[in-house]
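Report on the structure given below.
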Amino acid sequence: MKTTIIAVPLEDGSQIEGSAKLSEYLKQNDITYDTDVFFAKAETARKTVYNCCRKTKQAVLDCLEKKQFPLIIGGDHAVSIGSVSAIIQKHDVSIVWIDAHTDINTPEASITKRIHGMPLATLMKNGYPELSALTEDKAIRNEDIVFLGPRSMDPYEKEYLSINDMHAYDDIYIKKHSIQKVLEEVKGIIKKPIHISLDLDVFDPQHCPGVNTPVENGLSIDEVKVMLNYLFDNFTVISMDLVEYNPLKDVDNKTVDIIKRIIRLIKEKVNNF
């Protein structure tokens, strides 16, 4: 199967300068993409995110129609509102959210009011109405989500995870029990094909500095590679996001090198489908 790389240079969900230059920097660093999502910049961040996610959704739908594997490289994590909205039109999936954050803030609960902290809530119909409407008559449910690596959550998010008994394996749990054990637990939970949403801030910022909201004590590239290899080897992976790349924050191309390594891994796995 062909891997189709879709570049989505969105920064308005984070309101942090840099990710709008994503496509330009990918090209400069010899990372070839198949589609560059162009969208209208509107008078508000919220409208711009809507324009972007609507176009991203269509790009992913086009890819699925061609029986290709969509690998979406963003831009802030709000792009996943578009990518996952497309996926759930065609497939009943579980979501593996590999991220330093859980991104289940609602517009009312969010401290920063930045949409890149709300994509999962939006996909669960708890976001801004026009953005949640992109999922049409579909929605992600609590039981459809597994979190790997979160270590920075707002009080609302912690309470939501606890009340709803969601599957969240934070950095402390992973380091205590080992990645392999965690992944074996995940295998017992998920019974559907999966969409992987990988936020680059799950990595420790000393290894991956080019992100919008770095959080200390993250995972290593080897740990994330173990996760990805296991997920591709044990589940039907439908699609994947690789997001929160901010080229203006990168140091010595460390983040670019990680992106290249992940792309190589994904292409090798998808080629064997």
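If you're wondering where the values come from, they're calculated on a predicted model, not measured in any experiment.
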- Message: Is it true that Asn272 and Glu268 share a donor-acceptor pair across their side chains at a distance under 3.5 Å?
- Response: no

For the residue pair [X] and [Y], what are the closest heavy atoms and their distance?
X      : Y      : answer
Ile87  : Ser239 : CD1-OG, 3.1 Å
Lys138 : Gln89  : CG-NE2, 3.8 Å
Ile6   : Pro70  : CD1-CB, 4.3 Å
Lys113 : Glu108 : NZ-O, 3.3 Å

- side chain to side chain contact (heavy atoms under 4.5 Å, CB included) assessment of Ile98 paired with Val96: CA-CA 6 Å; Ile98 308 174; Val96 180; 4.0 Å; yes

- Determine, stepwise, if the pair Lys47 / Glu43 fulfils salt bridge (Lys or Arg N to Asp or Glu O under 4.0 Å). CA-CA 7 Å; Lys47 289 182 179 179; Glu43 62 271 21; 2.7 Å; yes

- Query: Can you check salt bridge (Lys or Arg N to Asp or Glu O under 4.0 Å) on Glu65 and Lys90, steps first, answer last?
  - Reply: CA-CA 9 Å; Glu65 286 295 324; Lys90 302 293 184 181; 2.9 Å; yes

So, [X] and [Y], do they make that salt bridge, N to O below 4.0 Å?
X      : Y      : result
Asp92  : Lys192 : yes
Lys181 : Glu185 : yes
Glu130 : Arg46  : yes
Lys41  : Asp12  : yes

Keeping the roles fixed (side chain from [X], backbone from [Y]), state whether a donor-acceptor pair exists under 3.5 Å.
X      : Y      : result
Asp171 : Arg151 : no
Glu157 : Ile104 : yes
Asp144 : Ile140 : no
Thr122 : Ile81  : no
Ser80  : Ser83  : no
Asp204 : Gln206 : yes
Glu244 : Gly75  : no
Asn229 : Lys225 : yes
Thr56  : Cys52  : yes
Asn246 : Gly210 : no

Are [X] and [Y] packed together at the side-chain level, in the sense that at least one heavy-atom pair is separated by less than 4.5 angstrom?
X      : Y      : result
Thr213 : Ile16  : yes
Val60  : Val8   : no
Asp241 : Leu198 : no
Ile259 : Leu200 : yes
Pro209 : Val251 : yes
Ile190 : Phe235 : yes
His101 : Asp201 : yes
Met118 : Ser110 : yes

- Aromatic ring centroids of Tyr173 and His177 under 6.0 Å? yes

- Centroid-to-centroid, His77 to Trp97, below 6.0 Å? yes

- Show your working on side chain to side chain contact (heavy atoms under 4.5 Å, CB included) between Ile73 and Tyr33 and close with a plain yes or no. CA-CA 9 Å; Ile73 301 183; Tyr33 49 83; over 6 Å; no

- Task: Verify side chain to side chain contact (heavy atoms under 4.5 Å, CB included) between Phe69 and Ile266, making sure each step is shown before the conclusion.
- Result: CA-CA 10 Å; Phe69 182 93; Ile266 302 311; 3.8 Å; yes

- With Ile196, the side-chain contact (heavy atoms from CB on, under 4.5 Å) member among Val237, Leu71, Val93, Ile95: Val237

- Message: I'd like to know whether Met124 forms a side chain to side chain contact (heavy atoms under 4.5 Å, CB included) with Arg141, so could you lay out the CA-CA distance, the side-chain angles of the two residues, the decisive distance to 0.1 Å, and finally the verdict.
- Response: CA-CA 6 Å; Met124 292 190 284; Arg141 300 170 298 174; over 6 Å; no

